[in-house]
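Worksheet: the structure to be examined is printed underneath.
Values reported hereafter were calculated over all heavy atoms of this structure, with side chains retained and with hydrogens, waters and symmetry mates removed.
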Amino acid sequence: MVITQERTQVTAKDFRSTQKSTWCPGCGDFGIMNAVQTALVNAGVAPWQVLIVSGIGCGSKLPDYINVNGYMTLHGRGATIGCGAHLANTSLQTIIIGGDGDSFGIGIGHMIHNMRRNMDVVHIVENNEVYGLTKGQYSPTSKRGFKTSTSPEGAIEFGINPLALALSAGATFIGRSFSGDPKHAASIIQQAMEHKGYAIVDMLQTCPTYNKLQNVDWYKSQTYKIEEERPNYDPKDPVQAFQLAMEDDGRYPLGVLFKNDDRPTYSEQIPVYQKDSRPIIEHSLELDSQFFESLKETYV
Ligand code: SF4
C-alpha cells in the first residue's frame, strides 16, 4: 500500500518484543525479522499502523517476536485473514508472512486469488525450501533430488517457480531477496510496502538445521543482483520478467523482478469504498430507516 498516514519517527527499538524466540541459532528468520523492522523504520510506519498475519511454521512465529499488531492463524490461511483484515481497515499496512510450505503448499489457492485481485497487501514468503517446524520434509519449492526424511532417495517432483507463478497469477510487484543480506532484504520489503497493490517478496532463507547444503556461502555463490548484472533490465516489462523468471542457470536473481503501477487495487473497485474511501471501520453503523423498511418488505 502507499502509506498516506503521517510518517512517524520510529526506531528499531519500537518494534522489539520481549518474547524470546525459539528459532535455531543461525536461522535465516532472524535476518528476515530484522529486515522487516528496518523496512518499517525506513518507511516511517509506527507499530500501531502495521498488522502482520501469519500461518503455521517456524517463520510464522514472527508476529510473536515483533511489536506490531499480530495474528497467527491456521496453516496457509494468513492470506485469507490478511485479505479480510485489509478490506476492513485499509489504513493498516498489512503484511502476510509464511514459509514456503505455508504459502506455496496449503495456502497456495488463497495466495493466487490475492494476486489476481490485486489485493493491497505484502506477502513475504520465507523460502528455505524445506518444512522446518515438522522436522525437515521436502516442500513445494524443494529442488528435484533433495534428500529428506520423506524423500530419502531424493524428491521426484520439480519445485514451484515462485516468480513465474506470481507473474502468471497477476501479482503487480514481485521482488526477491536473501535473509543473509539484511540491507537488500529491507530495501525490497520497503519497496513492496510502498507499492500500491499486491506485492510478493520471495525471501530466500537459510535453515541450518534441515537444509544444510543451502547455507549462507552457498546462497552468496548462487545469487546475483539484477541491477548489477543487467543494468538495462526493465521491471515494467512482463516479457523480460518472464524470460528472467524462466531462465535456469542454477542461480537466483535478486531484486525487483516486476512492477506494474497501473492496475487498480481490489478495494478501490468495490462499491463500499467507491462511495466512501475511509476504512470500513470508520463508516457509520447506523442503518438508514428507508433501507431498513425496504429490507423488511423484501424478506419479512
Ligand atoms: Fe529456522 Fe530451520 Fe530451525 Fe526452523 S528448523 S527455526 S527454519 S533453522
Yes or no on side chain to side chain donor-acceptor pair (under 3.5 Å) for Ser17 and Asn67, after CA distance, side-chain angles and deciding distance?
CA-CA 5 Å; Ser17 144; Asn67 178 35; over 6 Å; no
Which class fits the ring pair His195 and Phe173: parallel under 30°, tilted 30 to 60°, perpendicular over 60°?
tilted
Please work out which of the three classes, parallel, tilted or perpendicular, describes the rings of Tyr198 and His123, given edges at 30° and 60°.
tilted
Do [X] and [Y] land in one hydrophobic cluster if side-chain heavy atoms of ILVMFWY residues count as linked below 4.5 Å?
X      : Y      : result
Val50  : Val201 : yes
Ile124 : Leu254 : no
Tyr65  : Leu133 : no
Leu204 : Phe258 : no
Leu87  : Met115 : yes

More than 12 heavy atoms from other groups under 6.0 Å of [atom1] on [X]:
X      : atom1 : result
Glu297 : CD    : no
Leu213 : CG    : yes
Glu293 : CD    : yes
Gln274 : CD    : yes

Decide yes or no for [X] and [Y]: does some side-chain heavy atom of the first lie under 4.5 Å from some side-chain heavy atom of the second?
X      : Y      : result
Ile95  : Val121 : no
Phe104 : Met111 : yes
Leu257 : Pro235 : no
Tyr233 : Glu227 : no
Glu268 : Asp120 : no
His110 : Cys83  : no
Arg176 : Pro253 : yes
Lys236 : Asn260 : no

Working for side chain to side chain donor-acceptor pair (under 3.5 Å), residues Gln190 and Glu194:
CA-CA 6 Å; Gln190 186 181 347; Glu194 289 173 350; 3.1 Å; yes
Whether [X] side chain and [Y] backbone form a donor-acceptor pair below 3.5 Å:
X      : Y      : answer
Asp14  : Thr11  : yes
Trp23  : Asp29  : no
Thr90  : His86  : no
Thr298 : Ser294 : yes
Asn211 : Asn128 : yes
Arg263 : Gly170 : yes
Glu229 : Ile226 : no
Asn114 : Ala79  : yes
Lys212 : Pro208 : yes
Asn127 : Met203 : no

Side chain to side chain donor-acceptor pair (under 3.5 Å) for Thr22 and Lys61? Distances and angles first, verdict last.
CA-CA 9 Å; Thr22 57; Lys61 297 176 190 171; 2.8 Å; yes
Pair Lys183 + Asp181, salt bridge at N-O below 4.0 Å
no
Salt bridge check, Asp249 against Arg251: does any charged N sit closer than 4.0 Å to a carboxylate O?
yes
Between Asp100, Asp102, Thr134, which is the residue that forms a side chain to side chain donor-acceptor pair (under 3.5 Å) with Ser139?
Asp100
Assert yes or no for the condition that the ring centre distance of Tyr219 to Phe178 is strictly below 6.0 Å.
yes
Option among Asp276, Ile280, Ile281 that satisfies the side chain to side chain contact (heavy atoms under 4.5 Å, CB included) test with Arg278:
Asp276
About how many Å separate [atom2] of [Y] and [atom1] of [X], when rounded to the nearest 0.5 Å?
X      : Y      : atom1 : atom2 : value
Ser177 : Lys225 : OG    : NZ    : 7.5 Å
Gln49  : Ser91  : CD    : OG    : 8.0 Å
Gln137 : Tyr131 : CD    : OH    : 8.5 Å
Ile189 : Thr38  : CD1   : OG1   : 8.5 Å
Phe242 : Asp237 : CZ    : CG    : 11.5 Å
Arg77  : Met72  : CZ    : CE    : 15.5 Å

Could you give me the CA-CA distance, side-chain angles and deciding distance for Val68 and Leu51, then say whether side chain to side chain contact (heavy atoms under 4.5 Å, CB included) is met?
CA-CA 6 Å; Val68 297; Leu51 169 68; over 6 Å; no
For residues 121-134, which residue pairs qualify under salt bridge (charged side-chain N to carboxylate O under 4.0 Å, His left out), counting only residues two or more places apart or in two chains?
Glu129-Lys143
For [X] and [Y], work out which heavy atoms get closest and say how close.
X      : Y      : result
Ala245 : Ala164 : CB-N, 3.9 Å
Ala155 : Ser151 : N-CB, 3.6 Å
Val41  : Ala12  : CG2-N, 3.5 Å

Begin from the C-alpha positions of Val53 and Thr73 and carry the test side chain to side chain contact (heavy atoms under 4.5 Å, CB included) through to its verdict.
CA-CA 7 Å; Val53 186; Thr73 178; 4.2 Å; yes
Please report the C-alpha distance between Val45 and Val10 in whole Å, then the side-chain angles of each, then the deciding distance to 0.1 Å, and finally whether the side chain to side chain contact (heavy atoms under 4.5 Å, CB included) criterion is met.
CA-CA 7 Å; Val45 187; Val10 280; over 6 Å; no
Under the side chain to side chain contact (heavy atoms under 4.5 Å, CB included) criterion, do Ile56 and Ile106 qualify, and how do the steps go?
CA-CA 10 Å; Ile56 300 290; Ile106 195 162; over 6 Å; no
